[in-house]
Q: 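My questions all concern the structure below.
Small disclaimer: the values here were computed from a predicted structure and weren't measured. Each chain gets a letter, A, B and so on, in the order its sequence line appears, and its residues count up from 1.
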There are 2 protein chains.
Amino acid sequence: MNAFLDQCRAIAGAAHVLDAPEDMAPLLRDWRGRFTGRALAVLRPGSVDEVAALVRACAAARVPMVPQGGNTGLVLGSVPDAAGTAVVISLVRLNTIRAVDAVNRTMTVDAGCILQHVQEAAAAQGCLFPLSLAAEGSCTIGGNLATNAGGTAVLRYGNTRELCLGLEVVTPSGELWSGLRGLRKDNTGYDLRDLYIGAEGTLGIITGAVLKLYPQPKASITALAALPSPAHALRLLSLMQDRAGASLTGFELMSAYCLALVAKHFPDLPRPFADAYPQYALLELSSTESAGHAVALLEEAIGAALEEGIVLDAVVASSVAQSEGLWRLREHIPLAQAADGKNIKHDISLPVSRIADYIAHTAPLLQQAFPGCQLVCFGHLGDGNLHFNVAPPAGTPNELFLANQAAVNRVVHDAVVAFGGSISAEHGIGALKRDELAHYKDPVELNLMRTIKAALDPLNLMNPGKIL
Amino acid sequence: MNAFLDQCRAIAGAAHVLDAPEDMAPLLRDWRGRFTGRALAVLRPGSVDEVAALVRACAAARVPMVPQGGNTGLVLGSVPDAAGTAVVISLVRLNTIRAVDAVNRTMTVDAGCILQHVQEAAAAQGCLFPLSLAAEGSCTIGGNLATNAGGTAVLRYGNTRELCLGLEVVTPSGELWSGLRGLRKDNTGYDLRDLYIGAEGTLGIITGAVLKLYPQPKASITALAALPSPAHALRLLSLMQDRAGASLTGFELMSAYCLALVAKHFPDLPRPFADAYPQYALLELSSTESAGHAVALLEEAIGAALEEGIVLDAVVASSVAQSEGLWRLREHIPLAQAADGKNIKHDISLPVSRIADYIAHTAPLLQQAFPGCQLVCFGHLGDGNLHFNVAPPAGTPNELFLANQAAVNRVVHDAVVAFGGSISAEHGIGALKRDELAHYKDPVELNLMRTIKAALDPLNLMNPGKIL
């Protein structure tokens with residue numbers, strides 16, 4: 001192994017082959033601090049050619065590789081296992097915005113670019129790169145692509161997959177595929193791009209990408225609507241889509257319990273309603289015309305929803321600043337949740353039309369199995385994505401309740417599958433949900449995935465033990 | 001082979017195993033009438049289970065299979081070769097709309113459904129299925145998916161790939177993958193869906209799909225703008241996108257020569273301008289609010305473009321009926337072209353920002369090589385997709401000029417590749433462009449495709465000789 005590490009030093013420079021435990025530590029620990037792996041070394045290549053040369057060295061020495069971006073993943077996809085035989089290949093030094101083409105509405109970037117820097121580079125050219133999520137200040141675009149990240153703008157702009165036109169990938173044998181095309185239409189063979197996107201680094205290492213940009217909306221305006229039930233939220237979603245089409249850029253569902261948690265832990269935040277209601281929807285309309293256009297369209301739609309009895313009460317922001325205030329309520333749910341103690345988290349998706357039925361079906365099952373448990377149910381309703389978290393009954397210590405994780409997962413995920421949903425909407429599988437995937441996935445589909453993995457990574461060196 | 005055909009008859013019924021030459025003929029001839037293949041038989045399964053059973057029978061007997069939908073493809077992808085050893089598996093009897101879910105905005109369909117029927121079923125529920133192309137009255141959605149069809153709505157809604165959430169596929173060994181998920185977010189492993197989409201039936205047979213639906217716009221309004229050059233068309237596109245965002249649903253470029261051809265062969269169509277201009281752009285704005293909103297937005301934007309000197313003259317339709325009249329000019333270009341005689345066709349795409357430079361670079365090269373040749377250049381500018389067709393010089397018989405096909409392709413496609421474009425934007429590769437693909441495609445990418453093909457179809461029985 002010393003010869004192998006010497007070879008890595010010759011490729012990337014001694015300063016970029018870390019093997020001291022204290023240097024490696026932060027890159028071996030997962031974002032939520034639940035697991036720390038071990039590694040032979042952390043490699044920090046400074047160019048695409050160095051990535052390819054390191055991969056060839058790893059392949060020759062049969063050393064497993066764990067590609068890593070900002071290491072902000074939630075499913076143990078970017079940290080090595082406990083064996084200590086793998087290297088981490090960190091992409092963070094590949095952080096150049098290679099080109100912005102405002103007319104083609106594309107940007108070519110290194111995989112290690114921080115998402116926020118990508119957003120800023122787009123904005124500097126009067127364009128929008130719409131991917132937005134909580135970790136945007138430290139996650140990398142390569143990690144976003146490898147996990148097909150979701151976030152808050154999926155309703156209008158799609159997942160990371162839909163925001164990418166071309167990729168550059170180092171294969172498990174260290175060949176470079178230059179697929180950095182900035183084309184809206186290209187029907188010349190198999191869609192390799194989408195195979196690497198979402199593969200969580202198990203088929204190759206993404207080193208660069210061509211991203212899609214959009215016109216920057218003139219303004220985004222939000223409203224908060226109080227609703228009798230999730231079923232009413234679905235009716236409101238349909239009404240908003242019919243009236244606003246692609247101008248509807250956000251539609252989040254929050255239960256009364258969620259906003260009560262926020263009020264408890266962040267008493268300084270605004271409380272838009274004097275009364276409490278069972279459910280709330282946060283809506284966002286964006287206009288390429290003007291803020292006034294967005295406000296008028298939103299007020300008219302909310303007015304119609306009030307008249308039809310879909311909405312019980314509503315606040316429409318009259319400015320961008322007020323809109324940001326309403327978004328803060330939504331953004332503080334995860335923080336309020338954390339302040340309240342650990343709970344059992346799920347990242348599920350469902351056909352949008354089945355969300356109300358899913359909640360109505362599953363909440364009583366949870367009560368039956370874990371009497372008094374609290375449902376922290378919120379999420380991106382417009383995408384069918386719920387964060388369906390289960391907190392302990394009042395008085396039960398959180399750590400004690402966490403022992404029920406497997407049993408709670410079974411109730412939640414059995415119901416998800418019965419309703420045609422997914423056990424991982426936007427976080428991926430990694431090592432954390434691998435057994436859950438094997439439990440639920442159609443064997444034909446699993447077998448197709450294994451066939452592809454074996455064909456493209458015959459030595460099983462690329463992020464082994466993740467997904468499959 | 002008799003035993004094999006008997007087995008097929010036992011599966012699909014004798015009436016659906018065609019082996020008389022006159023019965024098979026229309027399914028062996030390509031849409032443009034340039035090639036007629038031979039086959040052992042045409043099989044017409046009536047259910048997904050029958051498709052799977054027929055595929056298993058073919059695999060056991062080592063009989064190559066050519067999946068076929070409406071057989072309207074343009075690249076010889078859905079007809080067998082001349083060997084006569086393959087069977088055609090026609091999906092046209094699988095033509096049931098299985099379900100429409102207006103709240104989830106999805107529709108589950110059999111692969112053999114005619115595109116127009118899919119559009120109509122969506123409209124009946126107040127929704128839009130936006131895929132639209134010339135062959136929509138006879139092409140099938142399975143064929144659209146297999147070829148990742150483009151069409152006129154790509155600018156706003158994307159290619160067929162972007163309009164599909166889930167697939168059902170019979171693998172080359174006759175297993176059934178049921179991936180009919182109607183989810184906007186699902187990160188549970190490799191993206192098999194997008195691997196089958198655009199694979200032109202070489203990896204399996206698509207038997208069903210979950211399609212995305214959209215809110216039906218209240219109105220679509222068009223304008224025709226006269227422009228000094230393609231570069232001005234690009235400036236107009238940017239201006240329109242900044243002002244109208246997702247409301248811009250069409251942006252077509254047409255050269256003066258194209259509209260002159262239309263005027264020559266269809267003298268009864270309207271002529272919007274008294275003068276002739278070098279280039280024209282047909283713009284379409286759609287509004288989920290009202291026709292008035294679309295007209296106002298379009299007039300304002302065109303006004304700004306006139307003021308900035310981007311546009312020389314313009315006609316804005318004041319109604320949906322007038323809008324349809326303007327679209328007819330664009331739709332009649334292929335017909336006028338055909339009436340004028342055969343020419344050498346290309347279906348290329350480029351980064352949108354490079355289109356004007358591409359035309360300025362390539363047109364003189366063609367003139368140099370083929371003095372007096374006429375460029376019939378039109379297409380979906382907003383998607384970077386040009387139909388860059390080359391007609392003979394005045395007085396040269398078309399058939400004679402066609403002998404230059406390979407040399408013309410070389411000029412056009414060499415330049416496409418030099419400008420970062422694609423030699424097949426929306427038609428695919430099939431058998432027609434297979435050699436061209438091998439000539440231009442990066443060997444690493446070709447090798448990755450071959451690896452996937454060999455892994456998923458080890459006997460090379462699924463539409464062999466297409467793409468690779």
Q: Less than 4.5 Å to any heavy atom of chain B: does that hold for the side chain of R243(A), its backbone, both, or neither?
A: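 The backbone, not the side chain.
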Q: Who wins among D191(B), D347(B), V103(B) for the most heavy-atom pairs under 4.5 Å with chain A?
A: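 Most heavy-atom pairs under 4.5 Å with chain A: D191(B).
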Q: Supply the atom-to-atom distance N187(B) CG to E200(A) CD, rounded to the nearest 0.5 angstrom.
A: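 That separation rounds to 7.5 Å.
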Q: Is S247(B) close to chain A through its backbone or its side chain, or both, or neither, when contacts mean heavy atoms under 4.5 Å?
A: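 Looking at S247(B), nothing touches chain A.
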Q: Using a cut-off of under 4.5 Å for heavy-atom pairs, which of G420(A), A425(A), S422(A), P215(A) has the most such pairs with chain B?
A: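 With the most close heavy-atom pairs to chain B, the winner is A425(A).
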Q: Can you check whether I467(A) reaches Y190(B) side chain to side chain, under 4.5 Å on heavy atoms?
A: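 They are in contact (side-chain heavy atoms under 4.5 Å apart), so the answer is yes.
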Q: By a 4.5 Å heavy-atom criterion (distance strictly below it), what part of R193(B) contacts chain A: side chain, backbone, both, or neither?
A: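 Only the side chain of R193(B) comes within 4.5 Å of chain A.
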Q: Is it the side chain or the backbone of T147(A) that comes within 4.5 Å of chain B heavy atoms, both, or neither?
A: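 T147(A) touches chain B through backbone heavy atoms alone.
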Q: For chain B, find its close neighbours in residues 435-449 of chain A: heavy-atom separation under 4.5 Å, sorted by number, or none.
A: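 Against chain B, the residues of residues 435-449 of chain A that fall inside the cut-off (heavy atoms, under 4.5 Å) are L437(A), K441(A), D442(A), V444(A), E445(A), N447(A), L448(A), M449(A).
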Q: Can you tell me which portion of L192(B) sits under 4.5 Å from chain A's heavy atoms? Options are side chain, backbone, both or neither.
A: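 When you check distances to chain A, only side chain atoms of L192(B) fall under 4.5 Å.
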Q: Using a cut-off of under 4.5 Å on heavy-atom pairs, state which of G150(A), P351(A), S287(A), G179(A) scores highest against chain B.
A: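 Looking at each of G150(A), P351(A), S287(A), G179(A) in turn, P351(A) comes out on top.
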Q: Please classify the contact between N159(B) and chain A as side chain, backbone, both or neither, with a heavy-atom cut-off of under 4.5 Å.
A: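 Only the side chain of N159(B) comes within 4.5 Å of chain A.
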Q: R156(A) versus chain B, heavy atoms under 4.5 Å apart: side chain, backbone, both or neither?
A: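 For R156(A), side-chain heavy atoms alone lie under 4.5 Å from chain B.
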Q: Find the one option among L180(B), V154(B), L195(B), L203(B) whose heavy-atom pairs under 4.5 Å with chain A are most numerous.
A: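 Most pairs with chain A among the choices: L203(B).
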Q: Any side-chain donor-acceptor pair under 3.5 Å between S353(B) and D101(A)?
A: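 Side chains of S353(B) and D101(A): pair found under 3.5 Å.
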Q: Taking every non-hydrogen pair under 4.5 Å, which of G198(B), C127(B), S238(B) racks up the most with chain A?
A: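 The candidate making the most pairs under 4.5 Å is S238(B).
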Q: Please identify, among S424(A), G126(A), A246(A), the residue contributing the most non-hydrogen atom pairs under 4.5 Å to chain B.
A: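 Counting heavy-atom pairs under 4.5 Å, the top option is S424(A).
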Q: If I measure from the heavy atoms of chain B, does R161(A) come under 4.5 Å with its side chain, its backbone, both, or neither?
A: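 For R161(A), the side chain is the part near chain B, not the backbone.
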Q: Kindly indicate whether the side chain of H380(A), heavy atoms from C-beta on, has any atom under 4.5 Å from the side chain of K185(B).
A: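 H380(A) vs K185(B): side chains touch.
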Q: Does the pair D242(A)/K218(B) count as a salt bridge with the N-to-O cut at 4.0 Å?
A: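 Answer for the salt bridge query: no.
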Q: For L176(B), is it the side chain, the backbone, both, or neither that has a heavy atom closer than 4.5 Å to a heavy atom of chain A?
A: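 Interface part for L176(B): backbone (N, CA, C, O).
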Q: Counting C-beta onward and ignoring hydrogens, is there a side-chain heavy-atom pair between T451(A) and L456(B) closer than 4.5 Å?
A: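 Answer yes - side chains close enough.
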Q: With a 4.5 Å limit on heavy-atom distance, are the side chains of R105(A) and V352(B) in contact?
A: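 R105(A) does not reach V352(B) side chain to side chain.
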Q: Can you say whether A244(B) sits under 4.5 Å from chain A via the side chain, the backbone, both, or neither, judging by heavy atoms?
A: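 Backbone of A244(B) only, per the 4.5 Å heavy-atom cut-off to chain A.
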Q: Among I197(A), L234(A), T171(A), T202(A), which residue has the highest count of heavy-atom pairs closer than 4.5 Å to chain B?
A: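 Looking at each option in turn, the highest pair count goes to T202(A).
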Q: Select one option (side chain, backbone, both, neither) describing which atoms of L165(B) are under 4.5 Å from chain A's heavy atoms.
A: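 The answer is neither part of L165(B).
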Q: Can you find a heavy atom in the side chain of H293(B) that is under 4.5 Å from one in the side chain of H293(A)?
A: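 In short, these two side chains touch, coming nearer than 4.5 Å.
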Q: Under 4.5 Å between any side-chain heavy atoms of I423(B) and T188(A), yes or no?
A: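 Contact flag for I423(B)/T188(A) side chains = yes.
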Q: How long is the gap from CD1 on I452(A) to CD1 on I452(B), to the nearest 0.5 Å?
A: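 Going from CD1 on I452(A) over to CD1 on I452(B), the span is 6.5 Å.
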Q: Looking at T106(A), I348(A), L297(A), L468(A), which makes the most heavy-atom pairs under 4.5 Å with chain B?
A: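 The answer is L297(A).
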Q: What option among E162(B), E175(B), K433(B), E289(B) has the most heavy-atom pairs under 4.5 Å with chain A?
A: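 The option with the most such pairs is E289(B).
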Q: When rounded to the nearest 0.5 angstrom, what distance separates OG in S349(A) from CZ in R184(B)?
A: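 It is 11.0 Å, given to the nearest 0.5 Å.
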Q: Could you tell me the separation between the CG atom of L350(A) and the CG atom of L183(B), rounded to the nearest 0.5 Å?
A: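 The CG atom of L350(A) sits 7.5 Å away from the CG atom of L183(B).
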Q: Quick one: list whatever passes side chain to side chain contact (heavy atoms under 4.5 Å, CB included) with A296(B), sequence neighbours left out.
A: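 None.
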Q: Please name the pair of heavy atoms, one in T288(B) and one in G245(A), separated by the smallest distance, quoted to 0.1 Å.
A: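 Looks like OG1-N, 3.5 Å.
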Q: Could you tell me which portion of Q241(B) (side chain, backbone, both or neither) has an atom closer than 4.5 angstrom to a non-hydrogen atom of chain A?
A: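 It is both, since atoms from each part get that close.
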Q: How many angstroms lie between CG in D186(B) and CG in D383(A), if you round to the nearest 0.5 Å?
A: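 That separation rounds to 12.5 Å.
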